[in-house]
Amino acid sequence: MSSKYNKVVVLTGAGISAESGLSTFRDNNGLWDNHRVEDVATPEAFDRDPELVQRFYNMRRAALKTVEPNLAHQVLVQAEKEFDAFILVTQNVDDLHARAGSQNLLPMHGELLKQRCVQCHQITAIMGDITLDAVCVQCERVGTLRPHIVWFGEMPLYMDAIMAALMACDLFVSVGTSGTVYPAAGFVEIANQVGAHTVELNLEPGDQNSQFKQSIHGPASEVLPAFFNQLNHGTAQ
Ligand code: APR
């Protein structure tokens, strides 16, 4: 590897999966399949209408069967082999990074293909629907399973590992995220504070654009391969 960087953190958002056919959030008037975020992605919504929330996530889980990883996901699999340290943090709950083959992956907003028992906290794989009368395999209670998704107002996952990687990184790359949702939106500031090079790769300038030392705008499947290719040939900043 001829790049001058060797401790890399990449943050991805919905934009990296857009070319696979999964719609982003904010490009859709802030609606998810015509639902307001407050109606489907908060603990209060789940308490109020568990059937609606389960149906919403069951549909999103089923939609994963219709999509495949794209070139941008694949480039990140190759990139993780080329640096001494490489952590991929994703805000996405789809499984496209995992399916592409990324290993050092931290899905900070949870995973559609997992469910969690609200009573015993056991996390298990789920490929199909979570039903309201589903039984937890661990504690055998009925109706206690929820999507293993971080809803608004809940604590993102893997924050200790993410903070440690950010504090040590010399390159931070943000791909396909609008930079509107914290704490992920604040990662660029932390990377800047430790002196890392910070790069935004996005279709358009995101909310945190002014914080990045470099930005390249375009579809992820074009700008991501070009960026890592340029690093390999030692011509990047
Ligand atoms: N290539 C690169 N970027 C793209 C592409 C593409 N092909 N298509 C769209 N984008 C960009 C959009 O311009 C937008 O800035 O991806 C960004 C997607 O932003 P959001 O829809 O806000 O998604 P994200 O930033 O991942 O949202 C963060 O918010 O709703 C919550 O928990 C949810 O994880 C999600 C979080």
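When a ligand or atom number is given, it counts from 1 through the structure's own listing order.
- The distance from ligand 1 to the heavy atoms of G13 drops below 4.0 Å at these ligand atoms: 26 (O).
- Within the model, atoms CG of N232 and CD of Q78 stand 8.5 Å from one another, a figure rounded to the nearest 0.5 Å.
- Of all the atoms in ligand 1, the ones that sit under 4.0 Å from a non-hydrogen atom of F152 are 30 (O), 31 (C).
- A tilted orientation is assigned to the rings of W151 and F46, their planes being inclined by 30° to 60°.
- Note: an N/O pair closer than 3.5 Å links S178 and ligand 1 by distance alone.
- Using cut-offs of 30° and 60° on the angle between ring planes, the pair F228 and F83 is perpendicular.
- Checked by distance only, ligand 1 and G179 stay at 3.5 Å or farther apart across all their nitrogen or oxygen atoms.
- In terms of polar-atom proximity, V181 is not counted as a contact of ligand 1, lacking any N or O under 3.5 Å from an N or O of the ligand.
- Residue contacts with ligand 1 for T24 involve both N, CA, C or O and side-chain atoms from C-beta outward (heavy atoms, distance under 4.0 Å).
- Shown in contact with E19 at under 4.0 Å from a heavy atom are these atoms of ligand 1, numbered in order with element: 1 (N), 6 (C), 7 (N).
- Residue G218 places a heavy atom less than 4.0 Å from ligand 1.
- Residue contact check: G176 has heavy atoms under 4.0 Å from atoms 3 (N), 16 (O), 17 (C), 18 (C) of ligand 1.
- Using a 4.0 Å cut-off to heavy atoms of A18, the atoms of ligand 1 that qualify are 8 (N).
- Contacts with ligand 1 closer than 4.0 Å are made by side-chain heavy atoms of H109 only, the backbone lying farther away.
- Close approach of ligand 1 to N202 is summarised as follows: ligand atoms under 4.0 Å from at least one heavy atom of the residue are 3 (N), 11 (C), 13 (O), 14 (C), 15 (O), 16 (O), 17 (C).
- Near E204, the atoms of ligand 1 lying under 4.0 angstrom from a non-hydrogen atom of the residue are 12 (C), 13 (O), 15 (O).
- Using a 4.0 Å cut-off between heavy atoms, Y182 makes no contact with ligand 1 at all.
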